[in-house]
There are 2 protein chains.
Amino acid sequence: MSEKSRRDLCDTYCPHEDKVARYKDRVLEVAGLSELFRALGDETRTKILYLLAEEEFCVCDLATILDMSLPAISHHLRLLRTMRLVKHRREGRMVYYSLADSHILELIRQAQEHFEEER
Amino acid sequence: MSEKSRRDLCDTYCPHEDKVARYKDRVLEVAGLSELFRALGDETRTKILYLLAEEEFCVCDLATILDMSLPAISHHLRLLRTMRLVKHRREGRMVYYSLADSHILELIRQAQEHFEEER
DNA sequence: TATATATTTAAGCAAGTGTTTAATTATACT
DNA sequence: AGTATAATTAAACACTTGCTTAAATATATA
């Protein structure tokens, strides 16, 4: 957006120029965080991570538990792998996945807390 | 997916039937959580929540800080409102938004921690 | 080496998401 | 009342996402 049109948004009182200037840089701190949340923003992936927090599973187990096709699960696992949220080890024909670290489980727990207070 | 095709996924070793049966119900616990994460899974919304965690802002302030149009911001605020993540109060022509509760800020903090350890 | 199986990859498609522009609503001021 | 302004809503569009089917890899076994 241009400087011009931005100023046009609110002519009189708003924007509270001091505030605005102060915070323009601050927001950069959270840039990129949403990528992590987006990974969790799919029910299948949340479930996968939740499961992997308990123990390791092969792709086929996950597909069966979540009632989805192998390619679909594999697709999600690839995304989670790219984001380094899960790790995998091969054992013969099968590939076992597990959580890369426990931060994610903490995120899920936190979200659950929020949810429980909603009611 | 049908029972048939599901069984076809892995014929021999997999699925580990006991595991699978045990976890099929467990995953229901996180159903719905992804909705919350999806709300955070957009950079604009994460930024909005991050800002509102500091102090209240009118729609126009947010639009200016985030360099976006009013309708775009309003659109995101509506979603956050529907999810009860933010609350608002009217003061004259302006509407001021603030965080509905602090759980969300905790989520953001947690995510930031995860991010910092990545490097 | 040939066949079977667990997983991954690729291509195509339907559905969802975020933005824009234009029109509408709500409040304030003259 | 009439005009101006902050915010919301609606419609349209481009873009992304997640699934499906089909083909390709990788490992194990006969």
Side-chain angles (χ1 to χ4, degrees), chain A residues 1-2 5-16 20 34-35 37-48 56-83 86-98, chain B residues 1-2 5-16 20 34-35 37-48 56-83 86-98:
Chain A
M1 210 190 310
S2 72
S5 66
R6 195 186 313 146
R7 229 180 300 113
D8 287 345
L9 288 179
C10 350
D11 286 340
T12 327
Y13 315 108
C14 183
H16 309 92
V20 166
S34 50
E35 197 187 350
F37 287 120
R38 194 156 42 235
L40 290 156
D42 175 87
E43 197 162 306
T44 303
R45 286 195 294 270
T46 311
K47 285 178 179 171
I48 289 176
E56 64 175 16
F57 287 94
C58 70
V59 182
C60 181
D61 284 343
L62 294 171
T64 308
I65 295 173
L66 301 178
D67 226 332
M68 293 180 66
S69 74
L70 281 169
I73 296 295
S74 191
H75 167 76
H76 287 300
L77 286 171
R78 183 158 77 137
L79 191 151
L80 295 173
R81 227 166 48 207
T82 307
M83 294 199 62
V86 302
K87 57 190 177 191
H88 63 295
R89 71 180 178 84
R90 174 146 231 148
E91 189 177 312
R93 272 175 286 205
M94 292 189 275
V95 177
Y96 288 93
Y97 281 84
S98 55
Chain B
M1 212 191 311
S2 72
S5 66
R6 196 187 310 148
R7 228 180 301 114
D8 287 346
L9 288 178
C10 351
D11 284 341
T12 327
Y13 315 109
C14 184
H16 310 92
V20 166
S34 49
E35 197 188 340
F37 288 120
R38 195 157 39 235
L40 290 156
D42 175 88
E43 199 161 307
T44 303
R45 286 194 295 269
T46 310
K47 285 178 178 170
I48 290 176
E56 63 174 16
F57 287 94
C58 69
V59 181
C60 181
D61 284 343
L62 294 171
T64 308
I65 296 173
L66 301 178
D67 226 332
M68 293 179 67
S69 72
L70 280 172
I73 296 295
S74 193
H75 167 77
H76 287 300
L77 286 171
R78 182 158 77 136
L79 191 150
L80 294 173
R81 227 166 49 206
T82 307
M83 296 199 61
V86 302
K87 56 190 176 190
H88 64 294
R89 71 180 176 85
R90 174 146 232 149
E91 189 177 312
R93 274 173 286 205
M94 292 190 274
V95 177
Y96 287 92
Y97 282 83
S98 55

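Predicted model, so just to flag it, every value in this text is computed and none were measured.
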For B:Thr44 and C:dT19, is the shortest distance between a side-chain N/O and OP1 or OP2 below 4.0 Å?
yes
A:Thr46 side chain vs A:Leu40 backbone, donor-acceptor pair below 3.5 Å
yes
Give a yes/no on whether any side-chain N or O of A:Arg78 is located under 4.0 angstrom from OP1 or OP2 of C:dT7.
no
Is there a donor-acceptor contact under 3.5 Å linking the side chains of A:Tyr97 and A:Arg89?
no
Map B:Tyr97 and A:Leu79 onto DNA chain D by nearest heavy atom, then report which one ends up closer to the 5' terminus.
B:Tyr97
Ignoring hydrogens and geometry, is there a side-chain-to-backbone donor-acceptor pair from A:Thr64 to A:Cys60 under 3.5 Å?
yes
Tell me if a side-chain donor or acceptor on B:Ser69 pairs with a main-chain N or O of B:Ala72 at a distance below 3.5 Å.
yes
Main-chain N/O of B:Arg38 paired to B:Arg45 side chain as donor or acceptor, under 3.5 Å
yes
What nucleic acid atoms does B:Tyr96 come within less than 4.0 Å of, heavy atoms only: base, sugar-phosphate, or nothing?
nothing
Check every atom of D:dT29, C:dT7, D:dG18 against the side chain of A:His76 and return the nucleotide holding the closest atom.
D:dG18
Looking just at side-chain N and O atoms, do B:Arg90 and B:Tyr96 make a donor-acceptor pair shorter than 3.5 Å?
no
Does a side-chain N or O of A:Ser69 approach OP1 or OP2 of D:dT20 to a distance below 4.0 Å, or not?
yes
Would you mind reading off the distance between B:Glu91 atom CD and D:dA7 atom C1', rounded to a whole angstrom?
15 Å
Whether A:Arg45 contacts D:dG18 is assessed here as follows: a side-chain N or O lying under 4.0 Å from the phosphate OP1 or OP2. Is that the case?
yes
Rounding to a whole Å, what distance do you find between A:Leu77:CG and C:dT8:P?
7 Å
Assign each of A:Arg90 and B:Arg90 to its nearest nucleotide of DNA chain D by heavy atoms, then name whichever residue's nucleotide is nearer the 5' end.
B:Arg90
Value in whole Å for how far the C1' atom of D:dC15 lies from CG of B:Asp42
13 Å
Does B:Arg81 make a side-chain N or O approach to OP1 or OP2 of D:dT8 shorter than 4.0 Å?
yes
When you get a sec, tell me which of C:dT7, C:dT8, D:dT29 is the closest nucleotide to the side chain of A:Met94?
C:dT7
Nucleotide of D:dT8, C:dG18, C:dT7 approaching B:Ser74 most closely (side-chain heavy atoms):
D:dT8
Output the single nucleotide from C:dG18, D:dA7, D:dT9 whose closest atom is nearest the side chain of B:Pro71.
D:dT9
Which part of the nucleic acid, if any, lies within reach of B:His75 when heavy atoms closer than 4.0 Å are counted: base, sugar-phosphate only, or nothing?
base
Polar pairs (N or O, both sides) under 3.5 Å between protein and nucleotides 11-13 of chain D?
none

Among the candidates C:dC29, C:dT7, D:dA7, find the nucleotide nearest to the side-chain atoms of B:Arg93.
C:dC29
Measuring from the side chain of A:Val59 (C-beta onward, heavy atoms only), which nucleotide among C:dT7, C:dG18, D:dT29 has the closest atom?
C:dT7
